[in-house]
Novice: 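Structure below; questions to follow.
Residue numbering restarts at 1 for every chain, and letters A, B, ... go by the order of the sequence lines.
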There are 2 protein chains.
Amino acid sequence: MTHHPSGQTAIPPGQATHCEGCSLSAHCLPGGLARDQMTDFDAIIHRPRPLRRGARLVRQGAPFTSLYVVRSGSFKQVVVDAAHRELVTHFLLPSDVAGLDALGEARHPSSVVALESSFVCELPFGSLEALGDRFPALRGALYRSMSQVLERDQGMNCLLSCASAETRMASFLLDMSERFAARGYSPHGFQLAMSRADIGSFLGVALETVSRLLGRLQRQGLISVEGRTLVLRDIPALEARVSGTRPGR
Amino acid sequence: MTHHPSGQTAIPPGQATHCEGCSLSAHCLPGGLARDQMTDFDAIIHRPRPLRRGARLVRQGAPFTSLYVVRSGSFKQVVVDAAHRELVTHFLLPSDVAGLDALGEARHPSSVVALESSFVCELPFGSLEALGDRFPALRGALYRSMSQVLERDQGMNCLLSCASAETRMASFLLDMSERFAARGYSPHGFQLAMSRADIGSFLGVALETVSRLLGRLQRQGLISVEGRTLVLRDIPALEARVSGTRPGR
DNA sequence: CGTTTCTTTGACAAAATTCAAGGTTTGTGG
DNA sequence: CCACAAACCTTGAATTTTGTCAAAGAAACG
């Protein structure tokens with residue numbers, strides 16, 4: 001899921017980082033703000049901080065104080081359920097917002113873990129709200145982010161309710177592809193930053209099934225996989241797998 | 001899902017309905033407002049309107065203008081996916097809010113259909129937002145509602161990802177029970193307003209499986225079912241089924 | 001009171017999981 | 001830079017769960 005083929009070069013560590021010059025700003029929360037408003041927004045955010053692979057950005061149960069925007073790298077969002085299983089609920093790419101599910105709550109209902117070396121911008125929610133009073137566009141962007149998550153979750157529910165393992169896999173690959181494309185990267189090939197186990201947890205299938213499905217899709221010529229390097233060779237065919245699901249339910 | 005055993009008597013049709021006197025107001029959006037603020041809130045809402053079984057409160061794809069609070073009765077939220085299948089994503093009980101998933105969008109991404117004769121209060125979103133500027137508590141309540149939906153969806157995803165059909169069923173029954181309890185009704189027995197097909201769609205299992213599972217749980221003495229009348233006879237045992245899921249994944 | 005919709009139940013088939021074992025990659029310390 | 005350990009990935013075989021198809025019974029509706 002390294003969004004930049006050769007790693008970390010796109011965004012320099014911690015300096016020279018202002019929303020105005022940021023390549024993500026169009027898709028990011030302050031996207032709809034005017035130039036001078038963005039300066040104010042800039043003032044409240046905590047500058048990008050680095051996280052290593054495996055580091056927790058947000059810990060389930062910790063008090064909610066800030067939202068985080070992924071600047072570079074990627075994350076998985078996980079919840080630990082009653083049976084102490086870790087379940088992956090989301091994968092976050094640059095410009096995605098972490099912590100939204102805690103917004104109305106005192107504590108975070110899920111954890112967010114870096115899948116690779118990553119940078120995030122921290123948005124203290126108090127300041128954000130205060131700014132929202134002055135810039136309605138900012139509040140609108142926040143609403144939009146939340147309802148995008150809602151819609152995404154709803155789509156996921158549909159997938160989990162009634163799609164075969166193969167359809168889930170195809171959906172996942174296409175979804176990743178679209179999200180990369182939306183961020184200006186190639187929709188045809190990318191790196192998966194997460195393990196097979198993460199994908200399995202996310203899609204609700206066993207990790208062995210993930211492995212078998214990737215193998216099968218490769219044999220059928222729809223994709224190429226080599227470790228975590230993925231190439232989508234026949235996107236229309238993948239799309240056909242998604243729409244052509246089992247009849248019933 | 002009739003929350004009042006003998007039907008519709010709890011809330012009179014359309015008159016004498018103000019938030020202040022409403023039995024739901026504690027759990028409802030204006031719950032945190034002061035007395036005089038509630039009067040203002042009262043002024044923006046459109047008074048309860050009746051819907052018959054099968055009537056659509058919200059139509060997927062229709063422009064988003066209002067949120068709706070369920071006053072009495074119950075609803076199912078459904079999405080029609082790419083393969084033209086209707087999938088049930090939520091069941092709404094009194095005090096639940098319909099339309100939240102459209103909040104940042106121009107159009108509703110899902111439909112909301114009455115499962116029985118029901119009443120709702122309509123909250124024009126424009127007025128609601130305007131009022132939110134004056135009463136921060138109201139905006140907080142809105143955030144809370146949204147993140148509750150997010151959390152619920154996330155829980156559902158977990159259930160669908162890694163629970164057996166039986167566990168899903170037990171979860172569903174307990175969830176209903178809790179929600180009835182939270183609204184002041186008995187957690188031990190209630191009416192299901194939805195069909196087996198709806199439950200199946202919601203839980204991601206075939207309707208025949210729903211039927212078999214209910215039968216099995218009954219034979220084991222955990223519940224009694226007769227048509228859509230349900231009695232939970234052994235809630236702790238049901239809870240044990242939920243936590244004691246399959247080991248793997 | 002008949003028709004439609006909903007529900008239950010059985011037999012069979014298919015999909016996916018579990019268990020097991022071997023192979024590969026990644027990361028670390030000497 | 002190499003060697004070793006740990007984590008990760010693949011593949012096979014047997015088993016289990018759940019879906020599909022079919023048919024009959026019950027309930028709801030006009």
Side-chain angles (χ1 to χ4, degrees), chain A residues 1-2 7 52-55 76 85-86 88 113 115-117 159-170 191-219 223-230 241 244-249, chain B residues 1-2 7 52-54 76 85-86 88 113 115-117 159-170 191-219 223-230 241 245-249:
Chain A
M1 207 183 296
T2 312
R52 295 239 192 82
R53 181 167 175 283
K76 61 177 174 183
R85 260 176 323 218
E86 201 179 82
V88 177
V113 181
L115 290 171
E116 58 191 311
S117 296
L159 207 66
L160 293 172
S161 305
C162 68
S164 67
E166 187 180 85
T167 303
R168 296 182 201 188
M169 192 71 217
Q191 289 287 119
L192 296 169
M194 70 295 280
S195 69
R196 304 291 195 258
D198 286 336
I199 299 174
S201 172
F202 179 68
L203 294 179
V205 301
L207 70 91
E208 294 94 331
T209 305
V210 172
S211 190
R212 278 187 254 267
L213 287 171
L214 288 174
R216 171 149 35 123
L217 290 174
Q218 174 157 245
R219 248 171 283 124
I223 63 173
S224 300
V225 216
E226 204 182 313
R228 296 187 174 184
T229 305
L230 200 82
R241 300 277 158 116
T245 35
R246 13 172 164 162
R249 294 286 167 79
Chain B
M1 208 184 295
T2 314
R52 296 240 191 82
R53 181 168 175 281
K76 62 177 174 182
R85 260 177 322 217
E86 199 179 84
V88 177
V113 180
L115 290 170
E116 58 191 311
S117 296
L159 206 66
L160 293 172
S161 305
C162 71
S164 66
E166 187 180 86
T167 302
R168 295 181 203 189
M169 192 72 217
Q191 290 287 120
L192 297 169
M194 70 295 280
S195 70
R196 304 290 195 258
D198 287 336
I199 298 174
S201 172
F202 179 68
L203 294 179
V205 300
L207 69 91
E208 294 94 331
T209 304
V210 172
S211 191
R212 278 187 254 267
L213 287 171
L214 288 174
R216 173 155 28 131
L217 290 174
Q218 174 158 244
R219 249 172 283 122
I223 64 172
S224 299
V225 216
E226 204 181 313
R228 295 186 175 184
T229 306
L230 200 82
R241 298 278 159 114
T245 34
R246 12 175 166 160
R249 297 282 169 80

Novice: Figure out the CG/C1' separation between B:L214 and C:dT8, and round it to whole Å.
Specialist: 11 Å

Novice: Choose from D:dT10, D:dT18, C:dT17 the nucleotide whose nearest atom is closest to any side-chain atom of A:A206.
Specialist: C:dT17

Novice: Is a donor on one side and an acceptor on the other found under 3.5 Å between the side chain of B:R168 and the backbone of B:L203?
Specialist: yes

Novice: Tell me the interatomic distance from A:E226, atom CD, to D:dT10, atom P, rounded to whole angstroms.
Specialist: 11 Å

Novice: OP1, OP2 of D:dG19 versus side-chain N and O of B:T209: anything below 4.0 Å?
Specialist: yes

Novice: Take B:R219 and A:R216, find for each the nucleotide of DNA chain C with the closest heavy atom, and name the residue whose nucleotide sits nearer the 5' end.
Specialist: B:R219

Novice: Expressed as a whole number of angstroms, how long is the span from B:L230:CG to C:dT7:P?
Specialist: 13 Å

Novice: Return the value, rounded to whole Å, for the distance between atom CG of A:L207 and atom C1' of C:dT18.
Specialist: 11 Å

Novice: Taking the side chain as every heavy atom from C-beta outward, state whether A:D198 and A:S195 have any pair of such atoms under 4.5 Å apart.
Specialist: yes

Novice: Have a look at A:V205 and tell me which of A:V210, A:I199, A:L160 forms a side-chain contact (heavy atoms from CB on, under 4.5 Å) with it.
Specialist: A:V210

Novice: Over all strands shown, is A:S195 touching base, sugar-phosphate only, or nothing at heavy-atom distances under 4.0 angstrom?
Specialist: sugar-phosphate

Novice: Could you check how far CG of B:L192 sits from P of C:dT7, rounded to whole Å?
Specialist: 10 Å

Novice: For the residue pair A:S117 and A:R53, establish whether any side-chain heavy-atom pair is separated by less than 4.5 Å.
Specialist: no

Novice: Starting at atom CE of A:M169, determine the distance to atom P of D:dT10, rounded to an integer number of angstrom.
Specialist: 10 Å

Novice: Rounded to whole angstroms, how far apart are CD on B:E208 and P on D:dA22?
Specialist: 12 Å

Novice: Which whole-number value in Å describes the distance from A:I199 CD1 to D:dA7 P?
Specialist: 19 Å

Novice: Which listed nucleotide (D:dT18, C:dT7, D:dC8) is nearest to the side chain of B:R196?
Specialist: C:dT7

Novice: So, is B:R212 near the phosphate of C:dG10, with a side-chain N or O under 4.0 Å from OP1 or OP2?
Specialist: no

Novice: Go through D:dC8, C:dA16, D:dT10 for me and flag the one nearest to the A:S211 side chain.
Specialist: D:dT10

Novice: So B:R241 and B:L217, do their side chains get closer than 4.5 Å, heavy atoms only?
Specialist: yes

